[in-house]
Engineer: 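I have a structure I would like to understand better, so I am pasting it below and will then ask my questions one at a time.
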Number of protein chains: 2
Amino acid sequence: MLNLPFKALADPTRRKIILLLKEHDMTAGEIADQFKMTKPSISHHLSTLKQAQLVTDERKGQNIYYSLNTTVFQEVVNWFFNAGHVNEGGNSDEEC
Amino acid sequence: MLNLPFKALADPTRRKIILLLKEHDMTAGEIADQFKMTKPSISHHLSTLKQAQLVTDERKGQNIYYSLNTTVFQEVVNWFFNAGHVNEGGNSDEEC
DNA sequence: TCAACAGTTAGATAATTATCTAAATATCTA
DNA sequence: TAGATATTTAGATAATTATCTAACTGTTGA
């Protein structure tokens, strides 16, 4: 279901995090440095994005690296294309 | 700003309304008939979509017809494409 | 002009969310 | 093993949101 991803994208801070992660993977600290918010607040946003499966995380030593999960990201993009003509023809999604 | 559209799309009822309007214009009543919710609740959702400029409304006699505003809808789609490579090359958006 | 119909606005309430500070957990290094 | 660093979890609070019922507004046609 796309409910969690859409809810996650509703917040501007989380959308900016997505944009940052589209550039390259980043640690939680590097991400937090881009905002005026406290680290716990950013951590909470990262947790929301993780629950929505829009990002993944991996610990490397002291740091936790976050990456964009392009699969779910793409599924959201597909919603916009499928919107209105789902179950009507052959599966002409995938790439555009 | 895309904040209102993204917030509007965070609700599943509103996303379903968008899908309905992608098919064809509908009156507020026809839209409400598709849901188990009360008319005032749907009216509130329509108002949110209108504020986000994702839909437009036009009264025709007793009915108010709602239509999808494809311009703003497309701007949201573009966010996903522009995400990560904004201001990097020539304007290679528009169609894909 | 009045009754019926279509839709919105107002006001209330319960649930969710964003943010903060303080405390906890995990890892590294001396 | 203790101290420093990176990050998350807990708990609190204020703001926002979704939904309902009741009341209101606008339009039509008898």
Side-chain angles (χ1 to χ4, degrees), chain A residues 1-21 23-69 72 76, chain B residues 1-21 23-69 72 76:
Chain A
M1 258 279 287
L2 289 179
N3 205 37
L4 289 181
F6 267 112
K7 277 165 82 172
L9 287 166
D11 185 276
T13 299
R14 291 192 292 264
R15 284 199 304 279
K16 189 173 170 193
I17 291 174
I18 294 282
L19 294 196
L20 290 170
L21 293 180
E23 302 272 4
H24 51 73
D25 298 356
M26 291 176 89
T27 68
E30 287 170 340
I31 294 168
D33 288 346
Q34 305 291 318
F35 298 89
K36 286 178 182 167
M37 225 167 286
T38 63
K39 274 167 200 277
S41 295
I42 294 298
S43 182
H44 169 255
H45 284 304
L46 288 170
S47 160
T48 301
L49 288 168
K50 211 165 66 178
Q51 271 189 261
Q53 296 185 274
L54 280 165
V55 307
T56 57
D57 64 338
E58 187 187 358
R59 179 179 279 277
K60 282 181 183 161
Q62 243 164 331
N63 303 295
I64 297 181
Y65 281 82
Y66 281 87
S67 325
L68 189 63
N69 177 355
V72 171
V76 178
Chain B
M1 258 279 286
L2 289 179
N3 204 37
L4 289 181
F6 267 111
K7 277 165 83 171
L9 287 166
D11 184 274
T13 300
R14 289 193 291 263
R15 284 199 304 280
K16 189 173 171 192
I17 292 174
I18 294 283
L19 295 196
L20 291 170
L21 294 180
E23 302 273 3
H24 51 74
D25 298 356
M26 292 176 86
T27 67
E30 287 170 340
I31 294 169
D33 288 346
Q34 306 290 319
F35 298 90
K36 287 178 181 167
M37 225 168 284
T38 62
K39 273 169 203 275
S41 295
I42 294 298
S43 182
H44 168 255
H45 283 304
L46 288 170
S47 159
T48 301
L49 289 168
K50 211 164 67 178
Q51 271 190 260
Q53 295 185 275
L54 280 165
V55 307
T56 57
D57 64 337
E58 187 185 0
R59 181 180 278 277
K60 281 181 183 162
Q62 241 165 333
N63 303 295
I64 296 181
Y65 281 83
Y66 281 87
S67 325
L68 188 62
N69 178 356
V72 171
V76 178

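Chain identifiers are assigned alphabetically (A, B, ...) following the order of the sequence lines, protein sequences preceding nucleic acid strands; residue numbering begins at 1 within each chain. Worth saying up front: this structure is predicted, and the values here are computed from it rather than measured.
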Engineer: Would A:R15 and B:N3 satisfy side-chain contact (heavy atoms from CB on, under 4.5 Å), going step by step from the backbone distance to the final call?
Structural biologist: CA-CA 10 Å; A:R15 284 199 304 279; B:N3 204 37; 3.0 Å; yes
Engineer: What is the separation between atom CD on A:E30 and atom C1' on D:dT7, rounded to the nearest whole Å?
Structural biologist: 13 Å
Engineer: Report, one pair per line, the protein and nucleotides 20-23 of chain D atoms (nitrogen or oxygen only) whose separation is under 3.5 Å.
Structural biologist:
unit_1: D:dC20; atom_1: OP2; unit_2: B:T38; atom_2: N; d: 3.2
unit_1: D:dC20; atom_1: OP2; unit_2: B:T38; atom_2: OG1; d: 3.0
unit_1: D:dC20; atom_1: OP2; unit_2: B:S41; atom_2: OG; d: 2.6

Engineer: In Å, rounded to the nearest 0.5 Å, how long is the span from CD1 of A:I18 to OG1 of A:T13?
Structural biologist: 12.0 Å
Engineer: Summarise how protein sits on nucleotides 11-16 of chain C as a single string, 5' to 3': B when a protein heavy atom is under 4.0 Å from the base, S for sugar-phosphate-only contact, - for no contact.
Structural biologist: ------
Engineer: Does A:Y66 put a side-chain nitrogen or oxygen below 4.0 Å from OP1 or OP2 of D:dT8?
Structural biologist: yes
Engineer: Which heavy-atom pair separates A:Q34 from A:K16 by the least distance, and what is that distance?
Structural biologist: O-NZ, 3.5 Å
Engineer: Whole Å only: how far is the CG atom of A:L49 from the P atom of C:dT17?
Structural biologist: 13 Å
Engineer: Figure out the CD1/C1' separation between A:I17 and C:dA18, and round it to whole Å.
Structural biologist: 13 Å
Engineer: Given atom CG of B:D11 and atom C1' of C:dT17, what is their separation to the nearest angstrom?
Structural biologist: 14 Å
Engineer: Reckon B:T27 touches a base, only the sugar-phosphate, or nothing at all at heavy-atom distances under 4.0 Å?
Structural biologist: sugar-phosphate
Engineer: Please examine the side chains of B:I64 and B:T27, heavy atoms only from C-beta on, and report whether any two atoms are closer than 4.5 Å.
Structural biologist: no
Engineer: For DNA chain C, which consecutive runs of 3 or more Watson-Crick or G-U pairs (each distance under 3.5 Å) count as stems?
Structural biologist: C:1-30 with D:1-30
Engineer: Rounded to whole angstroms, how far apart are CG on A:L46 and P on D:dT9?
Structural biologist: 11 Å
Engineer: Measure the spacing between CD1 of A:I42 and CE of A:M37 and express it to the nearest 0.5 Å.
Structural biologist: 5.0 Å
Engineer: Please report, rounded to the nearest Å, how far the P atom of C:dT9 is from the CD atom of B:Q51.
Structural biologist: 10 Å
Engineer: May I ask you to evaluate whether A:N63 reaches the phosphate of D:dT7, defined as a side-chain N or O under 4.0 Å from OP1 or OP2?
Structural biologist: yes
Engineer: Between C1' on C:dG7 and CD1 on B:I31, what's the gap in Å once rounded to a whole number?
Structural biologist: 11 Å
Engineer: Using side-chain heavy atoms (C-beta onward) and a distance below 4.5 Å, is A:F35 in contact with A:L20?
Structural biologist: yes
Engineer: By the salt bridge (charged side-chain N to carboxylate O under 4.0 Å, His left out) test, which pairs, at least two apart or in different chains, include something from residues 30-45 of chain B?
Structural biologist: none
Engineer: Kindly give the heavy-atom pair with the smallest separation between A:P5 and A:M1, and that separation in Å.
Structural biologist: CD-O, 3.8 Å
Engineer: According to a strict under-4.0 Å criterion, is A:S47 in side-chain N/O contact with OP1 or OP2 of D:dT9?
Structural biologist: no
Engineer: Ignoring the backbone of A:S43, work out which of D:dA18, C:dT8, D:dT8 is nearest its side chain.
Structural biologist: D:dT8
Engineer: Pairs of donor and acceptor atoms involving the side chains of residues 43-56 of chain A, under 3.5 Å and at least two apart or interchain, shall be tabulated with distances.
Structural biologist:
unit_1: A:H45; atom_1: ND1; unit_2: A:R14; atom_2: NH1; d: 3.1
unit_1: A:T48; atom_1: OG1; unit_2: A:H44; atom_2: O; d: 3.1
unit_1: A:K50; atom_1: NZ; unit_2: A:D57; atom_2: OD2; d: 2.9

Engineer: Are any non-hydrogen side-chain atoms of A:R59 and A:N63 less than 4.5 angstrom apart?
Structural biologist: no
Engineer: Summarise protein proximity over nucleotides 24-30 of chain D in one line of letters, 5' to 3': B for base, S for sugar-phosphate only, - for none, counting protein heavy atoms closer than 4.0 Å.
Structural biologist: --BBS--
Engineer: Take the protein atom CD1 of A:I42 and the nucleotide atom P of D:dT9, then report the distance between them rounded to whole Å.
Structural biologist: 15 Å
Engineer: To the nearest 0.5 Å, what is the distance between CG on B:D11 and CD1 on B:I17?
Structural biologist: 8.0 Å
Engineer: Can you confirm whether B:Y66 sits close enough to B:L21 that some side-chain heavy atom of one is under 4.5 Å from a side-chain heavy atom of the other?
Structural biologist: yes
